[in-house]
Amino acid sequence: MIQTGFEVFDLAGTIFPIFFVIVITIILVSVSGGLYRWFSNNKQPVLSVNSVISSKRTAISHHQDSDSSAHHSIMTYYLTFEVESGDRLEFRVSGEEFGQSAEGDEGKLTLQGSRYLGFERNSRIHADATLDRSNVRRHSHM
């Protein structure tokens, strides 16, 4: 069977609506998932738990602007916290917070559902002062 030019348009007329429906469905599922997470997190209590930063990682995504051929890189920062129960929770954080954090930092992790609200480090001054006093005692007995 030989197709004429008009049958090609009929095929495109069938495929385009199907493609359009698929794209719209993907967008709606993504948006509804984000809204569900947002509402679900809002229903959760705000918790502050003792935790330790167990790891840090970055993710780099590269983008190329088709108009100017310019390359752009976007850095995303993540901190993983280990809470008292032994569970590990990873959260996306700002570059500033990432830079001020170190693996092994201890403190209070504040979260609401799966939403990261902040991390307050325990004071290192107290720990350093305790070490200094023990060194003074050791040296004073000599």
Side-chain angles (χ1 to χ4, degrees), residues 1-140:
M1 178 175 194
I2 299 176
Q3 292 183 343
T4 64
F6 294 111
E7 291 166 344
V8 172
F9 288 118
D10 187 44
L11 183 62
T14 304
I15 292 176
F16 179 73
I18 293 171
F19 179 73
F20 183 73
V21 167
I22 290 172
V23 169
I24 294 298
T25 302
I26 290 170
I27 291 170
L28 289 175
V29 167
S30 296
V31 169
S32 63
L35 286 173
Y36 175 78
R37 258 188 317 282
W38 188 80
F39 282 112
S40 176
N41 282 336
N42 285 344
K43 291 179 186 176
Q44 301 296 319
V46 174
L47 301 175
S48 289
V49 295
N50 291 325
S51 65
V52 176
I53 297 176
S54 59
S55 67
K56 298 171 65 172
R57 74 176 180 95
T58 58
I60 302 172
S61 54
H62 302 283
H63 302 278
Q64 181 174 353
D65 186 2
S66 59
D67 295 335
S68 66
S69 298
H71 296 276
H72 304 280
S73 296
I74 297 173
M75 183 88 68
T76 308
Y77 304 94
Y78 298 92
L79 293 176
T80 302
F81 298 90
E82 185 169 338
V83 295
E84 292 173 320
S85 66
D87 292 333
R88 291 178 180 229
L89 307 168
E90 182 179 70
F91 296 101
R92 184 177 178 175
V93 297
S94 70
E96 180 180 356
E97 188 158 6
F98 183 87
Q100 294 174 355
S101 301
E103 289 183 16
D105 281 354
E106 296 180 10
K108 292 274 187 194
L109 168 65
T110 305
L111 61 133
Q112 185 178 25
S114 63
R115 183 183 298 145
Y116 173 78
L117 298 177
F119 179 70
E120 185 178 332
R121 272 163 220 74
N122 291 341
S123 173
R124 292 184 185 178
I125 295 170
H126 177 70
D128 291 342
T130 304
L131 289 174
D132 289 343
R133 276 189 247 127
S134 65
N135 285 337
V136 169
R137 278 189 226 127
R138 244 184 276 148
H139 293 298
S140 64

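- Residue pairs meeting the ring pair (Phe, Tyr, Trp, His ring centres under 6.0 Å) criterion with at least one partner in residues 50-76, sequence neighbours excluded, are absent.
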Exercise for the section: In sequence, state the C-alpha distance, the side-chain angles, and the governing distance for Val49 and Glu84, and then conclude on side chain to side chain contact (heavy atoms under 4.5 Å, CB included). Expected result: CA-CA 8 Å; Val49 295; Glu84 292 173 320; 5.5 Å; no
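- Leu117 approaches Leu111 most closely through the heavy-atom pair CD1-C, 4.0 Å.
- Checked against side chain to side chain donor-acceptor pair (under 3.5 Å), Ser55 has the following partners two or more places apart in sequence or in another chain: Thr80.
- Partners of Glu96 according to the side chain to side chain contact (heavy atoms under 4.5 Å, CB included) rule, which considers only residues two or more places apart in sequence or in another chain, are Ser94, Gln100.
- The salt bridge (charged side-chain N to carboxylate O under 4.0 Å, His left out) test applied to Arg115 returns no partner, not counting sequence neighbours.
- Checking side-chain atoms of Gln44 against main-chain N and O of Gln112 turns up no donor-acceptor pair under 3.5 Å.
- The side-chain heavy atoms of Glu120 and Thr110, taken from C-beta on, include no pair separated by under 4.5 Å.
- Among all heavy-atom pairs drawn from Gly107 and Asn122, the shortest one is CA-OD1, 3.4 Å.
- Evaluation of the side chain to side chain donor-acceptor pair (under 3.5 Å) rule for Lys56 yields no partner, not counting sequence neighbours.
- Partners of Glu97 according to the salt bridge (charged side-chain N to carboxylate O under 4.0 Å, His left out) rule, which considers only residues two or more places apart in sequence or in another chain, do not exist here.
- With values rounded to the nearest 0.5 angstrom, Ile24 atom CD1 is found 5.0 Å from Ile27 atom CD1.
- Partners of Val21 by side chain to side chain contact (heavy atoms under 4.5 Å, CB included), not counting sequence neighbours, listed by chain and number: Thr25.
- Here Leu79 contributes atom CG and Ile53 contributes atom CD1; the two are 5.0 Å apart, rounded to the nearest 0.5 Å.
- Remark: Glu82 pairs with Arg88 by the side chain to side chain donor-acceptor pair (under 3.5 Å) rule, at least two apart or across chains.
- Every residue meeting the salt bridge (charged side-chain N to carboxylate O under 4.0 Å, His left out) condition with Arg57, not counting sequence neighbours, appears here in chain and number order: Glu90.
- For the side chain to side chain donor-acceptor pair (under 3.5 Å) test, residues two or more places apart in sequence or in another chain that qualify with Ser114 are Asn41.
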Could you give the side-chain donor-acceptor pairs of residues 29-36 under 3.5 Å, partners two or more places apart or in another chain?
| unit_1 | atom_1 | unit_2 | atom_2 | d |
| --- | --- | --- | --- | --- |
| Ser30 | OG | Ile26 | O | 3.1 |
| Ser32 | OG | Leu28 | O | 3.0 |
| Ser32 | OG | Val29 | O | 3.0 |

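- Residue pairs meeting the ring pair (Phe, Tyr, Trp, His ring centres under 6.0 Å) criterion with at least one partner in residues 73-112, sequence neighbours excluded, are Tyr77-Phe98, Phe81-Tyr116, Phe81-Phe119, Phe91-Tyr116.
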